[in-house]
Structure formats: C-alpha cells, structure tokens
Amino acid sequence: MTAQHKAPRGTRDTLPEDQPYWEFVREAASRTSTAFGYESIETPVFEEASLFTRGVGEVTDIVQKEMYIFKDRGGLDLALRPEGTAPVCRAYLEHGMHNLPQPVRLWYWTPIFRYDRPQAGRYRQHHQFGAEAIGEAASAVDAEVIELLWRLYEELGLTNLTLQLNSIGDSKCRPKYLEILRDYYRDKLDNVCLDCRARFDRNPLRLLDCKQERCQPIIAGAPPITDYLCEDCAAHFSELKALLETARIPFTLSPRLVRGLDYYARTVFEVTPPDEGAQSTIGGGGRYDGLIELLGGRPTPGVGFATGIERIILKLQRQGVAVPQRERPQVYVAVQTPAARVPAFRLASELRRAGISAISAAGERSLKAQMGHADAIGATYVAILGERELAEKTVTLRQLAGGAQETVPLTDVVSRIRPSR
RNA sequence: GUGGGCGUAGCGUAGCGGUUAACGCGCCAGGUUGUGGCCCUGGAGAUCACGGGUUCAAAUCCCGUCGUCCACCCCA
C-alpha cells in the first residue's frame with residue numbers, strides 16, 4: 001500500500017507527536033505578547049500581489065523569485081503571503097488604525113510561503129510569529145520589540161543565542177553612504193564575486209552581506225555605515241543601545257548586517273543560534289518607517305520582528321528542551337461482554353460531560369486486547385464493564401501504571417477519578 | 001536557480017547482478033475459563049521512489065524524473 005500522494009515539496013505535516021512543541025511555542029508567544037501589551041491580528045493567507053511587490057521591494061529575492069503568485073478565477077493577481085509585515089501595515093491602513101492610541105501594538109502567528117529550495121529548517125510553507133509596533137518612531141519601541149523577542153527565547157529555554165544589531169540609516173543619510181560605498185568598491189570590482197558585481201548596481205548595501213570567501217577582505221575594509229549615519233539616526237541608534245543595556249539584553253554590533261527586505265530603515269537586527277548550519281537565523285526584524293507611506297498612508301513609523309517557528313522547534317529539539325507531554329485520555333472504558341457495549345458508551349459519555357477525557361471500546365476486541373490497547377494509547381485508567389458490574393451497577397476501575405484496581409458503584413466513578421473539585 | 005550525497009514494509013535498517021527481498025520496532029491475533037506492560041507463537045503490511053535502458057537475469061549496473069538531505073544563494 002504505497003501512498004499515491006505526498007505533501008508537496010517543501011511542505012510538511014505537523015503530526016500529533018509534533019504538537020507539544022507547537023503548543024509550547026504558541027503558548028509562550030501569546031503569553032509574552034500579552035505581557036508586552038500586544039494584541040493578536042490575523043490577515044488573509046493571500047493578498048494582492050502588488051502589496052508585496054510594492055511593499056517588500058521589486059528587487060528583493062522574495063519578490064523576484066520566491067513568491068507564490070497566481071490569478072484567481074476573476075483574474076486578480078494574488079500572492080500567498082511571503083512575509084508578515086506588509087499585510088499588517090495594509091490592515092493598519094484599511095481599518096484606520098491611526099485613529100487608535102499610537103503606537104498600535106500587534107502580533108501574529110501565521111503560515112508564510114516562499115518558493116525556495118527546501119533544506120532542513122527551510123520550507124516552502126513555514127510559520128512565523130511576529131510583532132509590529134506601528135505609529136511611533138522613538139527608539140524605546142525598537143528596544144521594546146527586541147526585548148519581546150528576546151524574552152520569548154528566554155521563556156522557551158533557548159540558550160547561547162546572539163543578537164546582532166545594526167543601523168542602516170534612513171532616506172536622509174543612506175544615499176550618501178551608498179555613494180561612499182560605491183566609490184570604495186568601484187576599483188575593486190574585478191576582485192569581487194559575480195553576485196557582488198550585480199549588487200553594486202542594484203542593491204549596493206547587500207555587498208556587505210556577501211559570504212563569498214574572496215569578498216571578505218574587501219568587505220572588511222569597507223567603510224562601516226554606522227560611521228556615516230546622520231545626526232538623528234546616530235542618536236536613535238545610541239539611545240537604542242543604551243536601552244538594550246538597561247534591559248540587560250546582550251547584543252553584538254554587526255556593521256555589515258543588512259536585511260533582505262527593502263523597507264528597513266535605521267534599526268535592523270537578527271538572532272542567530274550557535275550552530276554552524278547555513279540557514280541558522282531564527283529571528284530578525286527592524287524599523288520600517290517608510291513602508292506605510294509607500295502603501296498609500298500618511299508617513300507613519302513602524303518597527304517589528306518575525307521569528308520562524310520551525311527553526312525555533314528545531315533548536316528546542318537539538319538543545320533538548322523539555323516540553324509538556326501530549327495529553328492522553330484519562331479513561332478507557334473496556335467491555336467484557338457485548339451486553340456492556342451501550343452502558344460503556346454511556347459511561348464514557350458521562351465522564352466527558354464531567355470533564356474527564358474518555359474513550360470507549362469499539363469493535364470486537366477481547367478484554368485482553370482492550371487492555372493492551374488502553375495501555376498503548378496511554379490512558380491513565382481502564383474502566384471495565386463485565387457481567388458482574390452490569391448486574392451490580394458498578395465498574396472495575398484499574399489504574400494502568402501500578403495495576404491497583406477496585407470495583408466501585410457507577411455513581412462514584414467521577415469522584416474516584418477526580419477526588420475533589 | 002547551481003553543485004553534491006541519499007531514496008528497500010508506518011519507522012529504523014540489511015541485502016549491492018542470480019530462485020518465494022531479510023531483521024528490529026510498531027500494528028493485528030493467539031498462548032482456554034473477565035485484565036495491559038515482560039516472554040513465546042502466528043498474521044497483515046514492500047509495484048525495492050517513479051520511468052526508461054543494459055543483461056539470459058536487476059532492489060542491486062547506467063540514464064532521466066521526482067523527493068529528501070548538505071553546501072551555495074537567500075532568509076525565518
């Protein structure tokens with residue numbers, strides 16, 4: 001019996017045995033967000049494709065080669081969400097959230113789609129938890145979202161993470177820096193990789209991000225952007241660093257950290273685990289002060305992050321973090337005689353009503369097989385209904401773990417399993 | 001999108017040119033009279049990823065496709 005269908009490339013099923021990890025992370029994300037005053041938002045899985053081409057940037061990899069785009073039956077150009085920030089900003093505009101107290105603090109947990117080549121920790125459908133604070137430019141909000149992300153990792157028990165921090169300036173100072181960077185590179189293009197030659201024209205900031213061996217010495221000698229920030233950006237950056245120190249969040253300055261999305265301004269950051277591994281970044285974000293305006297709104301600042309759930313779970317598993325066990329039924333109701341079937345079904349039903357999870361035997365299994373089954377599914381108790389019990393209106397309650405068992409009146413079953421409350 | 005490794009029952013593996021493809025785990029059943037976990041026995045379950053080729057003969061060799069893993073790219 002070979003399966004005829006498989007989950008599409010780069011997608012996967014989250015099975016019951018995986019769920020404890022998902023629930024653990026989801027619960028921590030929700031709790032941490034709430035602690036920081038963030039409220040949950042959900043946006044559609046697909047959006048107008050132009051939201052991303054415009055918002056994320058035409059020349060980004062996400063837009064150029066990774067978007068799942070399609071026309072619906074009415075001819076609309078749509079895209080499966082390739083990132084979380086642009087949709088939230090769209091919702092902010094669409095619902096007039098500038099009329100709410102600013103900044104508006106939002107968090108989301110959502111599938112993300114990118115047509116990438118899959119690898120461990122890299123999927124075509126993956127999930128991100130993210131938070132956005134829209135409507136306030138102060139560095140305190142940058143510090144706040146970074147602290148939120150960092151607290152989440154702490155809550156989860158992830159260790160040895162590195163927070164990399166940089167400022168890439170704004171529309172005032174970055175163009176000037178890019179000219180300086182180009183000037184620096186101009187006579188070195190012969191010694192640089194092919195990709196970097198393309199970056200020189202298209203997206204010079206990315207030159208700093210190249211991992212090619214041959215480009216490293218050139219990057220090392222490049223002027224760091226942080227030396228060329230305008231006064232406002234420099235002040236914003238140093239305030240942020242001071243606030244992070246106040247919050248005792250350790251960070252590493254990475255003057256070469258740039259990010260793949262066009263909308264970033266000033267603050268950018270990334271969180272990486274100690275592992276080797278290529279796609280090791282587990283979270284990242286930054287400030288996107290121009291984005292709302294780009295999407296047709298009034299100039300509105302914003303800052304946020306996103307973190308990959310699959311990658312978090314991978315780290316949790318690698319670091320051996322214990323998560324709550326998955327829940328098993330408390331009671332398995334077994335029958336010794338066919339006459340007990342209906343009473344067994346009724347007992348299970350009553351237990352559930354009383355808030356005790358229960359399964360009743362189905363099919364024609366022997367009592368012995370039912371016991372084995374109850375054990376295999378991890379039930380805490382087996383409630384046995386046989387001829388004697390039917391006659392006496394009792395049930396034999398057996399605790400699987402120790403094997404202790406007693407016969408109790410049907411009316412006492414609930415209180416026996418859950419003594420008080 | 002580029003390069004490389006891998007692809008045998010649900011899972012983990014053995015077999016690497018020659019009769020009905022093996023083992024462990026798991027699943028189902030039995031080991032008499034109402035009871036699990038250990039043990040014993042039996043059973044179900046595999047077009048050996050898919051397609052083509054070489055050969056008297058292919059899971060075993062070759063090619064292609066798909067998937068997966070690793071690196072690049074990019075990112076979460």
Side-chain angles (χ1 to χ4, degrees), chain A residues 1-12 15 17 25 56 60-66 81-85 109-130 149 193-196 198-199 203 206 209-213 257-261 270-273 276-285 305-315 332 334-337 340 361 363-390 396-405 407:
Chain A
M1 190 175 64
T2 306
Q4 284 184 31
H5 297 286
K6 298 194 227 179
R9 178 167 208 208
T11 69
R12 32 179 234 167
L15 302 173
E17 67 206 56
V25 178
V56 178
T60 58
D61 277 16
I62 287 181
V63 166
Q64 282 191 332
K65 44 185 220 194
E66 294 174 5
R81 171 176 39 224
E83 66 94 43
T85 300
W109 172 286
T110 189
I112 299 286
F113 303 86
R114 288 184 201 166
Y115 190 83
D116 239 353
R117 184 134 168 196
Q119 246 170 271
R122 190 169 84 181
Y123 305 98
R124 289 184 172 182
Q125 179 182 182
H126 73 275
H127 298 75
Q128 291 184 3
F129 160 64
L149 180 61
C193 74
L194 238 69
D195 285 334
C196 277
R199 289 179 182 124
N203 200 348
R206 299 300 289 283
D209 204 26
C210 184
K211 278 128 199 150
Q212 292 290 316
E213 199 64 43
L257 174 67
V258 300
R259 307 219 66 227
L261 288 62
E270 236 169 62
V271 178
T272 51
E276 347 56 74
Q279 62 296 326
S280 59
T281 301
I282 62 172
F305 67 78
T307 182
I309 311 305
E310 283 82 352
R311 287 188 186 175
I312 287 177
I313 289 173
L314 204 61
K315 300 309 167 213
Y332 182 92
V335 297
Q336 177 260 325
T337 163
E364 301 282 324
R365 291 183 164 162
S366 66
L367 181 58
K368 185 176 177 159
Q370 293 174 61
M371 298 291 295
H373 185 72
D375 189 45
I377 64 175
T380 310
Y381 294 94
V382 175
I384 302 166
L385 285 175
E387 280 160 14
R388 282 202 302 275
E389 289 85 352
L390 285 182
T396 296
L397 205 54
R398 181 181 178 88
Q399 206 154 5
L400 264 331
Q405 98 180 25
T407 299

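Below, chain A is the first sequence line, B the second, and so on; all start at residue 1. As a basis for the values below, the full set of heavy atoms in this structure was taken, side chains included, without hydrogen atoms, waters or symmetry mates.
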State the pairing partner of B/C72; accept Watson-Crick or G-U wobble contacts with both distances under 3.5 Å, and report none otherwise.
B/G1
Against the side chain of A/R398, the closest entry in B/C73, B/G36, B/G34 is B/G36
What's the gap between B/G53 and B/U60 when it is taken at their P atoms, as a whole Å value?
14 Å
Applying a 3.5 Å limit to both distances, which nucleotide forms a Watson-Crick or G-U wobble pair with B/G37?
none
Report all interatomic pairs (protein N or O, nucleotide N or O of nucleotides 28-30 of chain B) with separations under 3.5 Å.
residue: B/C28; atom: OP1; partner: A/R365; partner atom: NH2; Å: 3.1

How far does the C1' atom of B/U20 sit from the matching atom of B/G7, given to the nearest Å?
25 Å
Okay, side chain of A/Q125, backbone of A/I112: is any donor-acceptor separation there less than 3.5 Å?
no
With P as the reference atom in both, quote the distance from B/G67 to B/G24 in angstrom, rounded to an integer.
35 Å
Residue A/L367, side-chain heavy atoms: nucleotide from B/A71, B/C69, B/U35 that is nearest:
B/U35
Whole-Å P distance, B/C69 and B/G64
22 Å
Starting from C1' on B/A76, measure out to NZ on A/K315 and report it in whole angstrom.
11 Å
Students often mix this up, so state it plainly: with edges at 30° and 60°, are the rings of A/F129 and A/W109 parallel, tilted or perpendicular?
tilted
Distance, rounded to the nearest Å, where A/Q125 contributes CD and B/C75 contributes C1'
17 Å
Length of the line joining A/I377:CD1 and B/C27:C1', which is rounded to integer Å:
14 Å
Quick note, A/E389 side chain, CB onward, closest among B/C70, B/C27, B/G34 is B/G34
With C1' as the reference atom in both, quote the distance from B/C70 to B/A21 in angstrom, rounded to an integer.
30 Å
Side chain of A/R117 only, please: which of B/G3, B/U35, B/C75 is the nearest?
B/G3
Side chain of A/R122 (C-beta onward), nearest among B/G1, B/C69, B/C75:
B/G1
Whole-angstrom distance between B/U65 and B/C56, as gauged at atom P:
28 Å
Given RNA chain B, 5'-ward residue of the pair A/R259 and A/L385, judged by closest heavy atom
A/L385
With a 3.5 Å distance limit and no angle check, can you tell me whether A/Q128 reaches the backbone of A/G130 through a side-chain donor-acceptor pair?
no
Examine A/R398 relative to A/Y381 and say whether NZ or CZ is less than 6.0 Å from the centre of the six-membered ring and inside a 45° cone about the ring axis.
no
Side chain of A/K6 - closest among B/C73, B/G67, B/U35
B/G67
Check for me whether A/R12 meets the cation-pi criterion with A/Y123, that is, NZ or CZ under 6.0 Å from the six-membered ring centre and within 45 degrees of the ring axis.
yes
Go ahead and name the base partner of B/A22; Watson-Crick or wobble counts if both distances stay under 3.5 Å, otherwise write none.
B/U13
C1'-based separation of B/U35 from B/A14 [nearest Å]
39 Å
I'd like to know if the side chain of A/E310 and the backbone of A/H127 have a donor-acceptor N/O pair within less than 3.5 Å.
yes
